[in-house]
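Okay, so here's the structure we're looking at.
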Amino acid sequence: MEKLVLIDGHSILNRAFYGVPNLTNSEGLHTNAVYGFLNILFKVLDEEKADYLAVAFDLKAPTFRHKMFDAYKGTRKPMPEELHEQVPLMKEVLTAMGVPILTKEGYEADDILGTIAKREQKDGYEVTILSGDRDLLQLSDTHIRICLPKTSRGTTEVHNYYPEDVIREYQVTPEQFIEVKALMGDQSDNIPGVPSIGEKTATSLIVQYQNLENIYTHLDEVKPPRAKKALEEHRDLAELSLKLARICVDAPIEFSMADAKLENLYTPEAYEYMKRLEFKSIAARFGEGIRNESGPEKQFVLVEDFSEADALFEKAKKEDHIGMELLAENGSVTALALSFEETGSYIFPVGGFMTESYIAGKYEELCRTGHAWVLDLKHSLPFAKLSYGDTVYDAGVAAYLLNPLKDTYGYDDIARDVLGMTVPSRADLIKKMSYKDACAKEQDNFTRMAGLMAYTAFAAGKPLSERLAAEGMEDLYRNIELPLIYTLFHMEDEGIAVRREELTAYGGKLKKQIAVLEKEIWEMTGQEFNINSPKQLGEILFEKMQIKGGKKTKTGYSTAADVLEKLAPDYPVIRKILDYRQYTKLNSTYADGLGTYIKEDGRIHSRFNQTITATGRISSTEPNLQNIPIRMELGREIRKVFVPRDGFLFLDADYSQIELRVLAHMSGDERLIEAYKTAQDIHAITASQVFHIPLNEVTPLQRRNAKAVNFGIVYGISAFGLSEDLSISRKEAMEYIERYFETYPQVKSFLDSLVAHAKEQGYVTTMFGRRRPVPELKSSNFMQRSFGERVAMNSPIQGTAADIIKIAMIRVDERLRRENLRSRLILQVHDELLIETAEDEKETVMKILSEEMHHAASLKVELEIDMHGGKNWFEAK
DNA sequence: GCGCTCACG
DNA sequence: ACGTACGTGAGCGCG
């Protein structure tokens, strides 16, 4: 029997839209719904072996149901713009694939599906209807199967319904399903139903009386009385609803099975669409590059014989392009994976004559060839003596530069995004096992994972290089990001010494005070409760104590510091709560928190991540050493526990207002540049110029306001944000901004040009070519679009500053090593570098820091730095 | 796992 | 009318 697959277009598109995370191609087109639709389509076609295929869509025009009932809405709920724009796109894609699109004025897609399904069933076809709408179950028949995709725990399963399945799940036949719907109504379709009859009552009534007509025949006996009364009063509604709910199966639709005959979906036109929409994995199905299913399987060969291994390594050395991954973690090497041909990879597990140091040594040698691509170079550096001068290409970092907005850059991500291959991830293959355990217990999966890693590094290398070059990021990649990998590894490896006893003592002091404050707060509120629970705290303050503060968050009252701070003068307990918050924060995150990271060498080895931020900054984790307290005196004390090793001191150098200087340079604003050339205090001179007053007459308040405006400019100014920050009206904030832009007109035109560029190109760039896509600018949502505008203004500034300090870091680290100094770069905090400096090298290091930070970039204003020394981090700031 | 809060630049 | 300043990471409470 030949098979016909019919798809409910809007319904599946809608499901896909909400089920697939936001996607945009580089033109800024939203594509997630189309992507999800195609995936469902291909999945069903793979499973069904369909012979015919057609997709039905609703039209905008009113349908016969509107003629019956004015308030009828049909299945078209208001559609978000992001989805709406994908409807015509979806139709174009289907047309390009040769799939007929069925529409009929005056009818909904349901009616088209119903009509054709019943008609073709009669003609002897096996019909499958794919929809996300349960209402379609009424069409289920001997040879009509309804498929509803259902998502549970992240995975989508398709449930199939023949009539017996409908009965099993809903106790009623497909025909009776209509009657149930008529009784209970449907909010989304605006089918009125009978008031006060819900799904349960409706189902039991239909089970008992089969249909509406029969219910009314036996109305006297109907129970419960509530239902009886409602049915009595609303007979007209019930009968109208029955007509509205019934899908039409004899609509005047012309349809020829010949048009729906499935021949070849994979047309060149459709392929062009897949490329344009950047659906790599779908494009790959169309025949280019590596195929998901139909292509040749990769061979992952386990090599355990020493001489075979050695021969392969020698062969690899002669290749001009190889991919590798050293599978090493927790201080030990498990295997090396190597790939230098399209057919697959070789995996060399540690064991026998192939010792850890042999494997690591071979990895090192192959890295030194200068034509190796790896997935994560920094991870392998503890096992390989590589440094500046060894050019090893890192695929993760390359993928990050090409799209810094992603969460992960694993081999599976790169295989998907660059190669159009869908491959199982590490978690899919070895769950949460370590490499060591996986290699021992799940050798097949481990081998496959390792093989995929090396193959991905190998195959993605060239396309990644080409894309970086095409997007103007070759220099950024080669001269900044790749060398930085070594710098960051050195910092991680070096770590920073922390005095555990002092940290514990500091924590003890905090804990004592916390206990006191807790007691006082409980007494003052007359209740023992968890002060750290915003929920409990909000209820006590704003309900029990009747403090007026109003709701602010989705979940309840806001108890954030800025809210409480306003209330503190009137309620003594609020001050205590703020103090309590400060103490507990310091205790849990810093005193106790940092303590757990001190290693046996007495040092904390934080990780510096290179592929996290959207702007190009680095981030620090486990623990985060970029947010150690400094603004409040009590918190600042904690810096005293960070100390240099014996015979060393700390030198701390930070850029003075690097972001504003970057702004002055990039905008080319003459007055701002001039301001930097003449004045020491940029915020004061801003106040002087903006408010037209002599510099020496600027009041502290005026300076503070000017400083806030300067910050605002860098953040992508908004009157609202500035007004919040300064606690002034939006009108006043607006005036400040206007005055600022009058004073520095080129800053205004520069920021405008950034937004315009972002709107046209979909991204902004830093001075060094780093890109940040800004998809939010395409949003129909005002808030999101405004966010996009601020991002377009901020990212080039923040990103350029990040580029500059990265250059400085590399040069400082490289010079310390090349000049055989013992001093080491140990931390970076966005505009600040901390060096553990040998006492006798102090002057040299000061000179190096000063020179390299100053000359990291050549701007129209000088890059000035402030430097301090000390015997701990507290003193060195 | 997510929202809130708060530490930093 | 909408409801925000930009970029991060960690700990806690809660469902």
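Just so we're on the same page: letters track the sequence lines, and every chain starts at 1. Everything quoted here is computed from the prediction, not taken from an experiment.
Contacts with DNA chain B (heavy atom under 4.0 Å) in residues 531-542 of chain A: none are found. Residues from residues 789-800 of chain A with heavy atoms under 4.0 angstrom of DNA chain C, sorted by number: Arg790(A), Val791(A), Asn794(A), Gln798(A). Near DNA chain B, defined here as any heavy-atom distance below 4.0 Å, the residues from residues 584-594 of chain A are Lys585(A), Tyr590(A), listed numerically. Taking a 4.0 Å limit (strictly below) on heavy-atom distances, residues 660-667 of chain A does not reach DNA chain B anywhere.
Remark: Arg575(A) pairs with Glu565(A) by the side-chain hydrogen bond (donor to acceptor under 3.5 Å, both in side chains) rule, at least two apart or across chains. By the side-chain hydrogen bond (donor to acceptor under 3.5 Å, both in side chains) test, Tyr506(A) pairs with no residue at all, sequence neighbours left out. Annotation: side-chain hydrogen bond (donor to acceptor under 3.5 Å, both in side chains) contacts of Glu518(A) (sequence neighbours excluded): none. Residues that satisfy the side chain to side chain contact (heavy atoms under 4.5 Å, CB included) test with Pro534(A), not counting sequence neighbours, are Thr559(A).
Within the structure, salt bridge (Lys or Arg N to Asp or Glu O under 4.0 Å) pairs that include any residue of residues 703-717 of chain A comprise Asp681(A)-Arg703(A) (at least two apart or interchain). Here ring pair (Phe, Tyr, Trp, His ring centres under 6.0 Å) pairs that include residues 730-754 of chain A, with residues two or more places apart or in two chains, are Phe691(A)-Tyr736(A), Tyr740(A)-Tyr744(A).
Listed candidates were dA10(C), dG3(C), dG7(C). Nearest to the side chain of Thr621(A) is dA10(C).
No more than 12 heavy atoms of other residues, nucleotides or ligands lie within 6.0 Å of NZ in Lys576(A), so this atom counts as exposed by the packing criterion.
Residue Glu832(A) is classed as having no contact, given no heavy-atom separation below 4.0 Å to the nucleic acid. Residue contacts shown for Arg631(A) include a base, since a base heavy atom lies under 4.0 Å away. Backbone-only engagement by Ala614(A) is indicated by non-hydrogen atom pairs under 4.0 Å involving sugar-phosphate atoms exclusively. Asn781(A) comes within contact range of no nucleotide atom at all, as no heavy-atom separation falls under 4.0 Å.
In this structure, Lys640(A) satisfies the cation-pi test against Phe874(A), with its NZ or CZ atom closer than 6.0 Å to the six-membered ring centre and inside 45 degrees of the ring normal.
A salt bridge is absent between Asp412(A) and Arg426(A): the closest approach of a Lys/Arg side-chain nitrogen to an acidic carboxylate oxygen does not fall below 4.0 angstrom.
Paired regions of DNA chain C, where each region holds three or more successive Watson-Crick or G-U pairs whose two hydrogen-bonding distances fall under 3.5 Å, are B:1-9 with C:6-14.
Centroid-to-centroid, the aromatic rings of His868(A) and Phe650(A) stay 6.0 Å apart or farther.
A donor-acceptor contact under 3.5 angstrom links the side chains of Tyr557(A) and Glu543(A), judged on distance only. For the residue pair Lys544(A) / Gln527(A), a side-chain donor-acceptor distance below 3.5 Å is found, with atom types taken as modelled. Between the side chains of Asn710(A) and Thr686(A), a donor-acceptor pair is found at a separation under 3.5 Å.
Listed pair Thr613(A) / dT8(C) fails the phosphate criterion, with no side-chain N or O lying under 4.0 Å from OP1 or OP2. Residue Arg730(A) has no polar side-chain atom (N or O) positioned under 4.0 Å from OP1 or OP2 of dG3(C).
Taking the 5' to 3' direction, DNA chain B first and last meets chain A under 4.0 angstrom from a heavy atom at dC4(B) to dG9(B).
In this structure, Arg603(A) contributes its side chain and Glu494(A) its backbone to a donor-acceptor pair below 3.5 Å.
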